[in-house]
Amino acid sequence: MKEQVWKLVDEVKEFVVEARHRIHENPELGFKEFETTAFVKKELESAGIELVPLDLETGVLAVIRGTAEWKGQGEPPVAGLRADMDALPIEEATGVPYSSKNKGVMHACGHDGHTAILLAAAKVLQKSRSSFAGTVKLFFQPAEETLYGAEKMIACGILDNPKVDTVAALHGGVEVPVGSVGVYAGPFMASGDIFKVKFVGKGTHGAYPHRGSDALAAAAQAVISLQMILAREIEANDRAVLSVCQIHGGSAFNIVPQEVEIGGTVRCFSPDVRQKIRDRLVSICTHVAASYRCEAVCDYQFGIPPVINDAGETERIARAAEDVLGTEKVIRLANPMMGSEDFAYFIQGVPAGVIFRLGVGGEIPVSLHNPGFNFPDEALPLGVAVFVRYIFDVLAPEGAKS
């Protein structure tokens, strides 16, 4: 099987690199991936792949139907593969010839690689329909970085008619070297919540602070106090992160501002911990504000749930990667990740799902969401090979291995 897969992947090696460069050069933010959507549709249509209408301006749903005779029990399965397409509001600093043409926007998270890999895998699977039974659904998702794209796409009914049995995705991982993949079963990526707190006081002249109520001082104290939630109120074994990432307030050097707003994110794995952090955040901000004769207006939004990889699908991805890359190239990751992924909604919507890390790390890894990040071309064919081998297993004519 390894030789068959690599023979097929070799035929798209040049295409997958060219596709990534084109997408990288033309990055688009969430729900604005108009050119990327058009490019994906054009390439799929040119390969004779069926496109399914989608009630969104961006994003693509495509279907490939295997022609092998199904010899398993019941109906042949339906497997999904997902890639995200959006870029980030970052000014690129890679210096590559195909750098972003869109000022202030770049593919700093590797979604150009994800999309190119799924496109190339689609072309391979379309040519190999006689090798598998059942149906492959291809999801080219918009707006992952907003953490709302998957939910909106799924609301269009993409997991139904026919219903998807398994779904898989990959994400470039700088913690994994190029040539390898990383897998982890169970809770793998954290939930992602968003909070904003507006501290409202009484503005006054900077020379007479006693005549007002200092919202800036209240906000500053709250930023420090919020860190004590994790340090003193959450069990040390419960992984959680609370980060204040924004503070806005003030209009002049001699005016104590009347309003100051802070904002940030909370990441964890446990529903109980999520609720406790939310409750304590509101309580602390409210009481800190009161101690400064101010008011706190709290807006806490429970965002995406944690990504919980199905154990069986994780092993299936691991076996696929071991077959095409070698056993030594499959890394069993020791720890989950505090980053969030709206692929969690895909996993929640099907019986079994998994996301794995495709190695993109070099000798000196450049972090994701960094203006110098560039998805390595040499990793692209490996991602294609793992996807294709995974589908050949899930949709094997005699039924997938358990």
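Model, not experiment: these values are computed from the prediction.
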For the backbone of Gly110 and the side chain of His171, can you confirm whether one donor and one acceptor N or O come within less than 3.5 Å of each other? no
SB check Lys123 Glu11 (cutoff 4.0 Å): no
Is it the case that atom CD in Glu14 sees more than 12 heavy atoms from other parts of the structure closer than 6.0 Å? no
Rounded to the nearest 0.5 Å, the OG atom of Ser251 sits from the CD atom of Glu259 at a distance of 11.5 Å
Could you walk me through whether Val330 and Leu325 pass the side chain to side chain contact (heavy atoms under 4.5 Å, CB included) test, one step at a time? CA-CA 8 Å; Val330 177; Leu325 305 181; 5.7 Å; no
Counting only heavy atoms from other residues, nucleotides and ligands, does the tally under 6.0 Å from OH of Tyr148 exceed 12? no
Enclosure of His287 NE2 (heavy-atom neighbours >12, cutoff 6.0 Å): no
Is the backbone N or O of Val17 less than 3.5 Å from a side-chain atom of Asp377, with the two atoms forming a donor-acceptor pair by type? no
Using a 6.0 Å cut-off, check whether atom NZ of Lys198 has over 12 heavy atoms from anything other than its own residue. no
Any side-chain heavy atom of His107 within less than 4.5 Å of one from Phe375? no
If only side-chain N and O atoms count, and only distance matters, is there a donor-acceptor pair under 3.5 Å linking Tyr98 with Arg20? yes
Taking every heavy atom of Leu368 against every heavy atom of Gly172, the minimum-distance pair comes out as CD1-O, 3.7 Å
CG/Asp238 to CG/Leu230 distance, rounded to the nearest 0.5 angstrom? 10.5 Å
Would you call Lys7 and Asp10 a salt bridge, taking side-chain N to carboxylate O under 4.0 Å as the test? no
Would you say the side-chain atoms of Lys137 pair up with the backbone N or O of Lys163, donor to acceptor, closer than 3.5 Å? no
Taking all heavy atoms of Gly192 and all of Arg267, pick out the closest pair and write down the distance. CA-CD, 3.7 Å
Would you say Trp70 and Pro77 make side-chain contact, with heavy atoms under 4.5 Å? yes
In the structure I gave you, are the side-chain heavy atoms of Thr37 and Lys41 within less than 4.5 Å of one another anywhere? yes
Is it the case that over 12 heavy atoms from other parts of the model lie below 6.0 angstrom from the CD atom of Glu235? yes
Would you say the side chain of Val244 lies within less than 4.5 Å of the side chain of Phe195, judging by non-hydrogen atoms? yes
Candidate pair Lys202 and Thr204, rule side chain to side chain contact (heavy atoms under 4.5 Å, CB included), full reasoning: CA-CA 7 Å; Lys202 180 181 179 183; Thr204 184; 5.9 Å; no
Could you grab the distance from atom CG of Leu51 to atom CG of Leu138, nearest 0.5 Å is fine? 9.5 Å
Where do Phe387 and Ala121 come nearest, in terms of heavy atoms and distance? CB-CB, 4.2 Å
Quick one: are Ile347 and Asp310 in side-chain contact, heavy atoms under 4.5 Å? no
Cationic N near anionic O, under 4.0 Å, Glu322 to Arg319: no
Does Ile355 offer a backbone N or O that forms a donor-acceptor pair with the side chain of Asn309 under 3.5 Å? yes
Pairs flagged by side chain to side chain donor-acceptor pair (under 3.5 Å) wherever residues 53-66 is involved - sequence neighbours left out: Glu33-Thr58, Glu50-Arg65
Would you tell me whether Gln275 and Asp279 have side-chain atoms, one donor and one acceptor, within less than 3.5 Å of each other? yes
Side-chain (Glu28) to main-chain (Thr36) donor-acceptor, under 3.5 angstrom: yes
Treating His111 as the side-chain partner and Asp86 as the backbone partner, does any N or O pair qualify as donor plus acceptor under 3.5 Å? yes
Phe269 and Met338, any side-chain heavy atoms less than 4.5 Å apart: yes
If only atom types and distance count, is the side chain of Gln126 paired as donor or acceptor with the main-chain N or O of Gly48 below 3.5 Å? yes
Can you measure from CG (Leu147) to CD (Gln301) and round to the nearest 0.5 angstrom? 11.0 Å
In terms of the angle between their ring planes, are Phe346 and Phe343 parallel, tilted or perpendicular, with boundaries placed at 30° and 60°? parallel
Report the C-alpha separation of Ile234 and Lys276 in whole Å, then their side-chain angles, then the decisive distance to 0.1 Å, and conclude whether the side chain to side chain contact (heavy atoms under 4.5 Å, CB included) test is met. CA-CA 8 Å; Ile234 302 299; Lys276 183 173 183 178; 4.0 Å; yes
Test: Arg82 and Asp84 ion pair at under 4.0 Å: yes
Is it true that a side-chain atom of Glu92 and a backbone atom of Ser100 form a donor plus acceptor pair closer than 3.5 Å? yes
Pairwise side-chain contact, Val176 with Val181, heavy-atom cut-off 4.5 Å (strictly under): no
Atom pair OG (Ser180) and CD (Glu175), whose distance is rounded to the nearest 0.5 Å: 11.5 Å
Indicate yes or no: does Arg274 engage Asp193 in a salt bridge with an N to O separation below 4.0 Å. yes
Sorted by chain and number, sequence neighbours left out, ring pair (Phe, Tyr, Trp, His ring centres under 6.0 Å) with Phe302 holds for Tyr300
Does Ser131 offer a backbone N or O that forms a donor-acceptor pair with the side chain of Ser128 under 3.5 Å? no
Kindly say whether Val324 contributes a backbone atom to a donor-acceptor pair with the side chain of Trp6 at under 3.5 angstrom? yes
With rounding to the nearest 0.5 Å, note down the distance linking CZ in Arg232 to CD1 in Ile229. 13.5 Å
Does some side-chain heavy atom of Phe139 sit less than 4.5 Å from a side-chain heavy atom of Leu81? no
Going through the distances and angles, do Leu281 and Leu242 end up as a side chain to side chain contact (heavy atoms under 4.5 Å, CB included)? CA-CA 10 Å; Leu281 181 146; Leu242 188 159; 4.2 Å; yes
